[in-house]
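The next block holds one structure in the form of structure tokens; read it before the comments.
In what follows, every heavy atom counts, from backbone to side chain, and hydrogens, waters and symmetry copies are set aside. Since this is a predicted model, take the numbers as computed values, not measurements.
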Amino acid sequence: MLNTKSIFHTLIALSAILVLGSCEQRDTKTVVQGDAASMAYVAPGEYDEFYCFMSGGYSGQVTVYGLPSGRLFKEIPVFSQYPENGYGYSEETKPMFNTSYGMVPWDDSHHIELSQTDGEFDGRWLFVNGNNTPRIARIDLTTFETVEILEIPDVAGLHCAPFITENSEYLVSGTRFSVPIPQQDVPIDSYKENFVGLINYVKLDQETGEMSLDFQIEMPGYNYDLARNGKGKSHGWSFLTTYNSEQAHTLLEVNASQKDKDLLAIINWKKAAEYMEAGKFTERTTSYYHNTVDHSTGIASSEEMKTTRILNPKDCPDMVYFIPVPKSPHGCDVNPTGEYIVGNGKLSADMTVYSFDKLMKAIENKDFTGDIDGIPVINYESGVHGILKKPGLGPLHTEFDGKGFAYTTFFISSEVVKWNVEKLEIVDRQSTFYSPGHLVIPGGETKKPYGKYLVAMNKITKDRFLPTGPELCHSAQLFDISGDKMKLILDFPTKAEPHYAQAIPASKIQPNSVKYFKIEDNKHPYAALGEAKARVEREGKDVHVYMTAIRSHLAPDNIEGIKMGDKVYFHLTNLEQDWDVPHGFAVQGANNAELLVMPGQTRTLLWEPFKPGVFAFYCTDFCSALHQEMSGYVRVSPADSDVKLMWGLNNENKDEETLREMMK
């Protein structure tokens, strides 16, 4: 067996050579040939065949692209505040950022998971993880809005998340960095004695998609990297790669690369659910937040959760197993039949493919080489289907086309390799530009991939697009994989750093897309359901402006009697009942953001006057030929002023006496 340290240093050297010399070594002008442009072209007025959802990495968001065009349709705000539409700034959405650490308005989004039914994408919901402050979010695909965020307690880094089971029963996740549990002041070099990992199972309501943390499994203090759940014959099992089985805590690039292999965790989650029913768990006091949006009001609320339920493998036989995996694995992928599990290691020259049937036979025969903290370790040779020899350098991720082939990205040798899963034969390889991480095939992690396109998400872009200073966009490259050979047909830039993506036929989402919110269904407590309901109310130093928007004016558009020290809540209701007619709202001197309000929706902007005077407010979204006229003024007087609270439209001013008459 090759020495791991030698492989490691060789790969690092090769990586430097390939990155530094990539421009000179590759003829980038002759890669795309023939009718490639027409294959990616979507004519004006026509639609893309697929939606492609990409995580935004350090932006904390999700982006939506069309395939095959590569056109960016939308950035969905999830874990980070978003001034474009006021997400995280409006009073309705601020609670989405509540965590046990306080208000956290940013995160590092990594992995996309679409909901599934019988192992196929069903187009209902999309889930994404927050890596930094461990969270999982749910996006409603009828509105493309984030409607729920669940914090995952007692873990550090949630890179390994949120991988879904074939009928959306659970989302599985694992801690990236093991930590003391419960958190306590201990020396870092007591890692092996005090640091613990957790595997988390989030249960999904089958009708609403709402998440709840069902249970956690206490594991050795490794780094849990990525996961996949079984499908078909392997449904009911989870597979998670780990690294740092050395349990190092410093200079991991060397100290976590000492052993020849790391470990693949194999979890029988159906057995775990049985143990939960039998009461084999222990309850731990903790703190984490569950933030949800009320469908009828559009208002988010937070609930602090204070306990979790923990299963310990020592008390739960036949629930968790390990098997050795090539060193420093990243991807963990299950083929469409559920028989083959790919667990490749970044520091291995070969790729290992496991057989589910062989794993089950080894477990049945107790073909173990020992145990770790009460977790049996399956004999490596007994669980392996075979080895793919020397496919490339730095294997990361694998997806499948449904025709018996797998496609793997190689970060160091900058390529995608196509290979036969059962025969373990390489059939094609194509260069990428450069250093691909994840890749996506529409449906490529499901039981029925669509096998038409492949998108490689590359980390280094240097000569693909016009330069934009030291920081460059990342590059996505679209390949046609419908034939025997992969064919590069398009480069397109991506926002932030997408780590993973999933693509689904547009036909599964488009027919259910909400065009506007029915005004009669708006139950927001501060909604003005009609211009006649527009008004201003004072409650001590809180002033509530019930404002309406319709092409092309705001009501009221003149407000007086606001005083220094007041908090002014502009509650804007968009009265439009037509598709694609949002209205915006901004007020001079607002130090948070603006609002973008969908038809039939109500959103609230808090404005605290900063000095006496007359200040303009206006619609920020171009909505009609008279958009510029859609504006108004708010007058702010000193705190001791006797200016009467008044509001009006078209010089028909009203005051609190009028309001009392209106409310009778």
Worksheet item: Who pairs with Glu151 by side-chain hydrogen bond (donor to acceptor under 3.5 Å, both in side chains), at least two apart in sequence or on another chain?
Response: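 Testing Glu151 for side-chain hydrogen bond (donor to acceptor under 3.5 Å, both in side chains), a comparison that skips the adjacent residues, returns Ser100.
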Discussion item. Run the side-chain hydrogen bond (donor to acceptor under 3.5 Å, both in side chains) test against Lys452 and tell me which residues pass, sequence neighbours left out.
Written reply: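 Lys452 satisfies side-chain hydrogen bond (donor to acceptor under 3.5 Å, both in side chains) with Glu49 once adjacent residues are dropped.
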Fill in: Atom CD of Glu422: over 12 foreign heavy atoms under 6.0 Å
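Not buried by this count: 12 neighbours or fewer within 6.0 Å.
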Discussion item. Could you check whether atom NZ of Lys508 has more than 12 heavy atoms from other residues, nucleotides or ligands sitting under 6.0 Å from it?
Written reply: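 Enclosed: over 12 neighbouring heavy atoms sit under 6.0 Å from NZ of Lys508.
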Applying salt bridge (Lys or Arg N to Asp or Glu O under 4.0 Å), name anything that partners [X], two or more places apart in sequence or on another chain.
| X | answer |
| --- | --- |
| Asp480 | none |
| Glu210 | none |
| Arg138 | Glu148 |
| Glu497 | Lys459 |

Discussion item. Can you confirm if the aromatic rings of Tyr275 and Phe281 lie within a centre distance of less than 6.0 Å?
Written reply: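 Centroid distance Phe281-Tyr275: not below 6.0 Å, so no.
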Worksheet item: Are Tyr170 and Trp269 close enough that their ring centers fall under 6.0 Å?
Response: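 Yes, close enough.
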Please list, chain by chain and in numerical order, all residues satisfying side chain to side chain contact (heavy atoms under 4.5 Å, CB included) with [X], sequence neighbours excluded.
| X | answer |
| --- | --- |
| Gln510 | Tyr47, Tyr51, Ala506 |
| Ala265 | Met219, Leu240, Phe322 |
| Ser355 | Glu339, Asp357, Lys358, His385 |

Salt bridge (Lys or Arg N to Asp or Glu O under 4.0 Å) pairs, two or more places apart, involving [range]:
| range | answer |
| --- | --- |
| residues 159-169 | none |
| residues 99-118 | Asp107-Arg135, Glu113-Arg228, Asp118-Lys447 |
| residues 292-309 | Asp214-Arg309 |

